[in-house]
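This report refers to the structure that appears directly beneath it.
Below, chains carry the letters A, B, ... as their sequence lines are ordered, and counting in each starts from 1. Just the heavy atoms: all of them, side chains too, but no hydrogens, waters or symmetry mates, feed the values below.
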There are 2 protein chains.
Amino acid sequence: MSEYFDKSTKRCADCQSMSQLFCLLNQDELAMVDANKIFVRFNAGETIKKQGTFMSHVLSVNSGLAKLYIEGIEGRSAILRIVKPTSFIGGPGIYSDQRHHFSITALVDSSVCFIDLQVFKKILSGNQLFAEEFLKDFSQDVLSVYNRLIYLTQKQMPGRMADALLYLHDAIFRKLKFPMILSRFELAELSAMSRESAVKVLRDFQKEGLLRISDHEMEILDLEALHKISRVG
Amino acid sequence: MSEYFDKSTKRCADCQSMSQLFCLLNQDELAMVDANKIFVRFNAGETIKKQGTFMSHVLSVNSGLAKLYIEGIEGRSAILRIVKPTSFIGGPGIYSDQRHHFSITALVDSSVCFIDLQVFKKILSGNQLFAEEFLKDFSQDVLSVYNRLIYLTQKQMPGRMADALLYLHDAIFRKLKFPMILSRFELAELSAMSRESAVKVLRDFQKEGLLRISDHEMEILDLEALHKISRVG
DNA sequence: AATGAAGATTGACATATATCAATTTTTACA
DNA sequence: TGTAAAAATTGATATATGTCAATCTTCATT
């Protein structure tokens, strides 16, 4: 409880888990962020941001892991990416309709800073380098969506699932053995298939000795083979 | 020939087909664009920009129509959108790796202004309002990719084809009867299916009296029904 | 008009994928 | 610890979609 209080009020200047982007701010700018931010903890499963709501703040993920997903047709969702600590989350709403165009849900206990959007925009317009970095960040996100568009529409299930697992390995955990933060259903949402199909593809992968799932952990046994499946489609 | 020469050297200040965005520039800025632009005509079928190449310029489409597409796996492409006159084309490469992340091919005879990227960036950083509008434009493009990601992965063929046709109607021609600028194969690339499937879906649409294709023209006969198919998926 | 190339069409077929229903396993919590 | 709810699994089946091969049409060019 005291820990909760401590962290929620600590100053940005002392923060170790601030997203890279904000390192480009000077003291005054950081003080402005400081004065206009809100620190919040979320339990696993809680909704951090809901698609369609007004974008009053931008986000910086301090700790934990979350899924960022688009809510599509008839309750079906497409997970765009997994959000890990120290990453900044803005989105196309900042400069269009000031709404959130995706939802974010905590996968494990997480903490997030909400930074007032108007303050953020003001700083953006006054700090050239910061603005450039912000755009770089945004552009990278866009490129990854391009990439997903292609692989989700041009590969079949095994290739898509391989890509999803390789993504977890390459971009999130960087280890062959990592905790299963996603349910089968969520893995299905990440690779655009039905829950049952996800189960079957994973079973096949395990049968072929590509990976092992046990005790809430996944271990990739044959990275090279996964890469090959990803390539073949 | 004289016409060609005329148009290629005319000044931006006099240009009627400059993209909206540039209306926000002052005289000096426009003069800078003027001095650092290249005007080029393309014949139908010619490649305007090739994915992967160095982004030395940003584009403004003066006349004609073009397809903007991502070249994906094994020669397969996904058409992102149709580009019509007076639209600006930048893309995520501007602020990431300075490469083009899509290709653009003229569908009909077209003309394009190429504006030096460094000059463009310099103007961006000096003109707040211009920068905001640029970001709005970019954000809209991103939102449309979100949208496509959802509908390409969550709808089946008839729904996807209906969306493609409605897109041509709503966003490009704004008429029920319009020229068939896309081949069946390109319609397939726009709606993520095989050439043959596109043919069959279109045949079904025609059988049901939703549309008519003849003499290089498509006429939508039952807009409401198309909307319904789009909704049902 | 004749020719050939590209595009469009078709039906048969194979395959990928979703759906359904039943069952088992895991998890949460009273 | 027991119990209910949620998640995962499975096999059977239906459906959507791609692939193939053959044919037909259109169009540009000689």
Side-chain angles (χ1 to χ4, degrees), chain A residues 43-46 67 72-78 105 107-109 151-164 179-207 211-218 229 232-233, chain B residues 43-46 67 72-78 105 107-109 151-164 179-207 211-218 229 232-233:
Chain A
N43 296 320
E46 288 183 330
K67 58 175 177 177
I73 299 163
E74 289 171 33
R76 293 174 65 191
S77 294
T105 297
L107 291 169
V108 301
D109 294 353
Y151 97 61
L152 292 182
T153 58
Q154 300 190 347
K155 290 186 184 184
Q156 5 201 96
M157 292 198 301
R160 302 205 299 270
M161 181 59 78
D163 281 334
M180 282 292 287
I181 48 165
L182 298 176
S183 67
R184 305 309 153 99
F185 184 59
E186 288 167 324
L187 279 173
E189 290 183 322
L190 185 58
S191 46
M193 65 184 74
S194 73
R195 177 211 333 263
E196 294 94 330
S197 291
V199 168
K200 288 166 190 173
V201 172
L202 285 172
R203 173 188 16 144
D204 292 346
F205 282 3
Q206 289 182 83
K207 264 187 196 159
L211 52 87
R212 182 167 46 201
I213 303 175
S214 59
D215 294 332
H216 305 274
E217 282 202 327
M218 171 175 290
I229 291 174
V232 173
Chain B
N43 296 320
E46 288 183 330
K67 58 176 177 177
I73 298 163
E74 290 171 30
R76 293 174 65 191
S77 294
T105 297
L107 292 169
V108 301
D109 293 355
Y151 97 62
L152 292 181
T153 58
Q154 300 190 347
K155 289 186 186 184
Q156 12 199 90
M157 293 198 300
R160 302 203 300 270
M161 181 59 79
D163 281 335
M180 281 293 286
I181 49 166
L182 298 175
S183 68
R184 306 308 154 100
F185 184 60
E186 288 168 323
L187 279 173
E189 291 182 323
L190 185 58
S191 45
M193 64 185 73
S194 72
R195 175 210 337 262
E196 293 93 331
S197 291
V199 169
K200 288 167 192 172
V201 172
L202 284 173
R203 175 190 12 147
D204 292 346
F205 282 3
Q206 289 181 83
K207 265 188 197 157
L211 50 89
R212 182 168 46 200
I213 303 176
S214 60
D215 294 332
H216 305 275
E217 281 203 326
M218 171 175 288
I229 290 175
V232 173

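- Here D204(B) pairs with E208(B) under the side-chain contact (heavy atoms from CB on, under 4.5 Å) rule; sequence neighbours left out.
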Between the protein and nucleotides 26-30 of chain C, list every N/O to N/O distance that falls short of 3.5 Å.
{"residue": "dT27(C)", "atom": "OP1", "partner": "H216(A)", "partner atom": "ND1", "Å": "3.4"}
{"residue": "dT27(C)", "atom": "OP1", "partner": "H216(A)", "partner atom": "NE2", "Å": "2.3"}

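- Taking Q156(B) as the reference, P158(B) meet the side-chain contact (heavy atoms from CB on, under 4.5 Å) condition, with sequence neighbours excluded.
- The side chain to side chain donor-acceptor pair (under 3.5 Å) search around T105(B) returns Y69(B), not counting sequence neighbours.
- Under the salt bridge (Lys or Arg N to Asp or Glu O under 4.0 Å) criterion, R76(A) pairs with no residue at all, not counting sequence neighbours.
- Remark: K200(A) engages R203(A) in a side-chain contact (heavy atoms from CB on, under 4.5 Å) (not counting sequence neighbours).
- For V108(A), the side-chain contact (heavy atoms from CB on, under 4.5 Å) partners at least two apart in sequence or on another chain are L65(A), S110(A), I181(A).
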Scan nucleotides 8-11 of chain C against the protein and return all N/O pairs shorter than 3.5 Å with their distances rounded to 0.1 Å.
{"residue": "dA8(C)", "atom": "OP1", "partner": "R184(B)", "partner atom": "N", "Å": "3.3"}
{"residue": "dA8(C)", "atom": "OP2", "partner": "R184(B)", "partner atom": "N", "Å": "3.4"}
{"residue": "dT9(C)", "atom": "OP1", "partner": "R184(B)", "partner atom": "NH1", "Å": "3.2"}
{"residue": "dT9(C)", "atom": "OP2", "partner": "R184(B)", "partner atom": "NH1", "Å": "2.5"}
{"residue": "dT10(C)", "atom": "OP2", "partner": "R203(B)", "partner atom": "NE", "Å": "3.1"}
{"residue": "dG11(C)", "atom": "OP2", "partner": "R203(B)", "partner atom": "NH1", "Å": "3.4"}
{"residue": "dG11(C)", "atom": "O6", "partner": "K200(B)", "partner atom": "NZ", "Å": "3.4"}

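- A straight line from CE of M193(A) to C1' of dT19(C) spans 15 Å, rounded to a whole angstrom.
- Checked by atom type and distance alone, the side chain of D109(B) pairs as donor or acceptor with a backbone atom of A44(B) at under 3.5 Å.
- Pairing each heavy atom of M157(A) with each of S197(A), the nearest pair is SD-CB, 3.4 Å.
- Residues that satisfy the salt bridge (Lys or Arg N to Asp or Glu O under 4.0 Å) test with R195(B), not counting sequence neighbours, are absent from this structure.
- Using a 4.0 Å cutoff to heavy atoms of chain B, the contacted part of DNA chain D runs 5' to 3' from dA16(D) to dC27(D).
- Legend: residues meeting salt bridge (Lys or Arg N to Asp or Glu O under 4.0 Å) with E186(A), ordered by chain and number and at least two apart, are K67(A).
- When the local axes at the two ends of the helix from dA1(C)-dT30(D) to dA30(C)-dT1(D) are compared, using 5 base pairs at each end, they differ in direction by 40° after rounding to 10°.
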